[in-house]
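One structure below.
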Amino acid sequence: MKKGDHLFLVDGSGYIFRAYHALPPLTRKSDGLPVGAVSGFCNMLWKLMLDARNTDVGIVPTHFAVIFDYSSKTFRNDLYPEYKANRSAPPEDLIPQFGLIRQATRAFNLPCVEIEGYEADDLIATYARLACEAGGDTTIISSDKDLMQLVGDTVAMYDPMKDRQIGIPEVIEKWGVPPEKMVDLQALTGDSVDNVPGVPGIGPKTAAQLLEQFGDLDTLLARAGEIKQDKRRESIIANADKARISRQLVTLMNDVPVTEGLEDFVLHAPDGPKLIGFLKTMEFTSLTRRVAEATSTEAGDVQAVAVTVERADHAHGPDVGAGLPPVARNAPGTEPDEAGGTAETSKQGDTPSLLAALRLERAATGKIDISAYHCIRDISALKVWVAEAREAGIAAFDVRATSADPMQAELIGMAIATAPGRAAYIPFAHMSGNGDLLGGGALENQIPLREALAVLKPLLEDRSVLKIAQNLKYDLVIMSRYGVDVAPFDDTMLISYVLDAGTPHGHGMDALAEKWLGHTPLQLKDVTGSGKSSVGFDQVDIDKATAHAAEDADVTLRLWLVLKPRLAAKGLVSVYERLERPLVPVLARMEQRGISVDRQILSRLSGELAQGAARLEEEIYQLIGERINIGSPKQLGDILFGRMGLPGGSKTKTGQWSTSAQLLEDLAAEGHELPRKIVDWRQLTKLKSTYTDALPGFIHPDTKRVHTSYALAATTTGRLSSSDPNLQNIPVRTAEGRKIRTAFITDKSHRLVSADYSQIELRVLAHVAEIPQLRQAFADGADIHAITASEMFNVPVEGMPSEVRRRAKAINFGIIYGISAFGLANQLSIPREEAGNYIKKYFERFPGIRDYIEETKAYAREHGFVETIFGRRIHYPDIRSSNPSLRAFNERASINARLQGTAADIIRRAMIRMEEALEKAGLSARMLLQVHDELIFETVEAEVEATIPVVRHVMENAAMPAVSMSVPLHVDARAANNWDEAH
DNA sequence: ACAGAAGCTTA
DNA sequence: GTAAGCTTCTGTT
């Protein structure tokens with residue numbers, strides 16, 4: 001071996017256990033011999049061999065060996081008799097596979113190395129050292145943490161199942177220590193699988209932290225007395241010997257007296273017929289075919305060979321798979337097996353005709369088969385699918401991209417489905433897994449994005465082909481960024497929302513597939529992994545990506561077939577077509593536009609808030625005489641009401657003292673100094689963390705604007721919701737909070753226009769409940785709360801005390817929220833009887849409202865849903881509950897839903913018409929934001945005066961012509977350079 | 001790493 | 001009393 005050579009060492013023993021547990025069980029068809037692990041092993045080796053001959057991949061091995069454990073007795077047992085003593089016998093169906101895997105290795109023409117008295121890991125350590133001394137590099141094919149101590153400048157690891165390279169940074173990321181400290185870390189943590197004792201109570205996090213602090217294990221043990229935490233210190237002192245023996249156990253021996261040298265590992269090309277003979281014997285049909293193609297061997301000419309199946313060989317049994325804890329087996333069929341060749345697990349007694357019958361039955365009942373999807377790799381195949389979609393007139397599609405944020409996402413691929421079970425995935429930009437480390441690039445056999453879009457764009461824009469998606473807005477924003485305007489379209493999520501708002505199931509793909517198809521689709525996590533080992537979708541293996549993406553397109557199409565007809569059956573087509581579907585592209589454009597946010601203003605505010613909070617913090621510490629965490633309600637409650645003895649009103653269901661703002665305000669009103677400061681501190685820190693600190697992180701790197709995301713199907717009532725960031729809860733109530741709005745700006749030549757509906761929900765109430773006094777008051781443009789007070793308390797509007805108006809206002813809002821004496825009493829801080837009397841008085845003056853409430857409750861009880869005046873349905877499945885408080889809650893919610901939902905419908909109608917109205921008027925104003933009853937536009941300064949009347953007209957007439965309201969809608973609008981002044 | 005509670009922001 | 005989303009803390013996995 002010489003400089004530049006590269007040695008691959010496969011941890012054969014580790015791989016056997018891993019493949020056995022991670023892959024679905026597979027048996028040889030002819031006789032039921034279990035071969036799942038053998039199949040996984042062969043596929044992995046073949047892939048490594050292919051990569052070895054593909055110079056594009058980057059790493060090309062010149063030397064190659066597969067290393068196994070020999071016996072369960074090693075020198076470690078002399079050191080520590082309990083080592084690996086709790087190891088149980090391997091599973092019954094794994095035992096015959098140990099020998100088969102060694103035979104497979106030889107069939108691949110690869111050296112198969114094992115030495116009595118040593119573990120595979122020790123041999124790997126020894127060969128890695130020899131390679132390094134010879135000037136070569138080593139890649140260890142394993143993900144076992146016991147081997148990570150070997151990682152270094154010339155030694156890396158590679159996890160073939162996750163397609164992940166493990167180098168020094170990955171070790172540090174995963175364990176918090178560099179490879180050379182792994183031994184010390186394992187000495188502390190121990191290993192329950194191998195029965196390495198370690199120090200009780202020390203896990204990986206603590207161990208890494210201690211090693212960071214003390215440098216190494218010896219120093220730590222010598223200076224253990226300095227450890228602050230009592231339990232930890234005592235445990236380490238008491239178990240120092242265990243740590244030392246553990247270190248000996250986990251330290252790999254790198255000078256095993258090996259019998260074969262590196263020169264014996266020189267990699268040879270596989271011997272086609274020899275390998276095929278073995279694979280045929282195993283009945284791995286698809287791998288046989290692939291190997292035959294790649295080695296230009298005629299598989300039919302090769303005879304299957306004899307293999308030896310041992311029950312359990314004398315030594316190869318219990319010791320294999322060192323360090324790999326057993327994991328739960330995947331359900332059969334959740335992962336493509338043996339390259340999609342034989343999806344079924346055959347049992348003894350199965351016959352081909354039985355299998356065929358099973359397949360037919362599955363096809364007939366439309367069972368979803370994720371192994372049946374196609375992967376489109378060349379332009380001519382893509383054209384065939386596009387033609388097929390045109391023929392069908394419908395196509396479900398699903399975009400795969402690098403991010404859940406459509407403004408940041410880069411296209412990776414797209415799935416389309418043209419009929420149930422007929423779906424394909426088109427990969428554009430999948431990368432090789434180790435690309436980021438080696439600068440490797442896109443995988444081969446993908447249609448370049450540009451060429452694929454040239455074929456797909458005409459289909460996606462074809463007026464005669466209906467495109468179907470689940471959560472279409474996401475795809476629309478991405479495709480729009482690539483210059484594709486998808487139309488016409490349907491969105492299964494929105495169809496479900498129109499049919500079933502308020503029912504317990506959500507409207508996401510998984511919930512819908514479960515409910516309507518009785519099927520659980522592959523989860524994104526299943527293909528990308530989760531947590532720190534997750535990878536971007538572009539790193540996902542194309543076969544897995546195909547199963548995942550094509551399945552989603554297939555499921556979407558099937559859902560559409562089930563759900564779309566239900567709209568007509570329930571009379572909800574017009575709700576879907578007039579209130580939901582047309583809003584999707586409108587919101588997509590608003591999100592794409594974003595709004596300009598001034599970083600400097602936020603940064604300045606952040607500084608001011610930090611100063612104010614710091615000052616208050618000091619004052620609070622002075623008052624309580626201790627530096628507690630003020631942000632912890634638990635600590636705060638204990639100090640305030642426990643140690644300091646302030647009168648507290650206990651509560652919260654977890655038995656903690658309540659420290660709510662309301663309660664602290666009350667205490668402040670009684671003259672206590674501390675609660676006031678806490679309330680103020682909370683306000684400042686809230687503004688800082690939620691707004692001034694968080695918002696700049698949402699400024700898009702390219703557009704320099706903030707792009708919120710609107711959810712169309714998140715609320716029960718029909719309102720939108722906003723997230724990432726939520727721009728529907730930007731502060732407005734306090735002067736301090738309003739400063740945040742000054743950061744939402746335009747440039748000098750533009751203006752923000754804010755237009756908001758005045759009292760829209762009360763107007764809806766006056767209309768639907770037919771209340772003459774309220775209708776009149778709104779028609780006159782009068783002060784609605786003052787009129788209410790005047791009616792109730794028989795006082796003239798002129799010179800009315802503000803307290804009287806305040807109470808009437810609270811009652812008006814209470815009605816909208818489905819009033820209760822309890823709630824009103826809380827709001828006004830008055831006794832419950834008094835609140836009850838107000839409500840009684842109110843109903844006497846406005847009997848129509850009592851009727852409206854009773855009517856709504858009766859309707860909801862009878863039908864299980866209520867409707868807005870535009871026919872939107874909101875379900876209340878618990879309205880008939882025998883639990884009185886649950887029932888009452890549903891009653892209040894249903895009363896509110898008719899009003900809130902109708903108001904939501906009205907502004908939706910305005911938004912849907914707005915763009916065309918502005919365009920017709922020749923105005924350049926663009927809608928940016930919606931905040932439930934308010935729309936924010938951006939326009940050139942010169943057009944402000946012309947824009948406002950157009951906006952107002954559209955908004956005020958939004959209910960027409962579907963509904964002619966008996967109460968006028970009123971819109972206030974103004975313009976300024978920032979949102980604070982425009983509002 | 002995640003989930004729930006508490007608290008706070010909006011309409 | 002209705003409808004949301006985000007942050008921090010806390011305890012569990």
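Here is how names work: the chains are called A, B, and so on, in the same order as the sequence lines, proteins then strands, and each is numbered from 1.
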Open item on the list: Regarding A/Gln656, tell me which of base, sugar-phosphate or nothing describes its non-hydrogen contacts under 4.0 Å with the strands shown.
Closed with: nothing
Task: Test item: A/Asp526 side-chain N/O and A/Gln523 main-chain N/O as donor-acceptor pair under 3.5 Å - done: yes
Task: Step-by-step salt bridge (charged side-chain N to carboxylate O under 4.0 Å, His left out) determination, A/Arg908 to A/Glu580 - done: CA-CA 8 Å; A/Arg908 278 173 179 245; A/Glu580 298 289 341; 3.0 Å; yes
Task: Side-chain touch A/Phe813/A/Ile819, heavy atoms, less than 4.5 angstrom - done: no
TODO: Have a look at A/Gly814 and say if it touches a base, only the backbone sugar-phosphate, or nothing, with a 4.0 Å heavy-atom cut-off.
DONE: base
Open item on the list: Regarding A/Gln683, tell me which of base, sugar-phosphate or nothing describes its non-hydrogen contacts under 4.0 Å with the strands shown.
Closed with: sugar-phosphate
TODO: Starting from P on B/dA11, measure out to CG on A/Asp756 and report it in whole angstrom.
DONE: 9 Å
TODO: Please list residues of residues 715-739 of chain A whose heavy atoms come under 4.0 Å from any atom in DNA chain B, ordered by number; otherwise none.
DONE: A/Arg719, A/Gln728, A/Asn729, A/Ile730, A/Pro731, A/Val732, A/Arg733
TODO: Name the nucleic acid region contacted by A/Ala694, choosing base, sugar-phosphate or nothing; use a 4.0 angstrom heavy-atom cut-off, strictly under.
DONE: sugar-phosphate
TODO: Scan A/Ala825 against the nucleic acid and name what it touches under 4.0 Å (heavy atoms): base, sugar-phosphate only, or nothing.
DONE: nothing
Open item on the list: Could you check whether atom CZ of A/Arg880 has more than 12 heavy atoms from other residues, nucleotides or ligands sitting under 6.0 Å from it?
Closed with: yes
Task: DNA chain C contacts made by residues 846-856 of chain A, counting heavy atoms under 4.0 Å - done: none
Open item on the list: Just to be sure I understand the rule, does A/Tyr691 reach a base, reach only the sugar-phosphate, or reach nothing, if contact means heavy atoms closer than 4.0 Å?
Closed with: sugar-phosphate
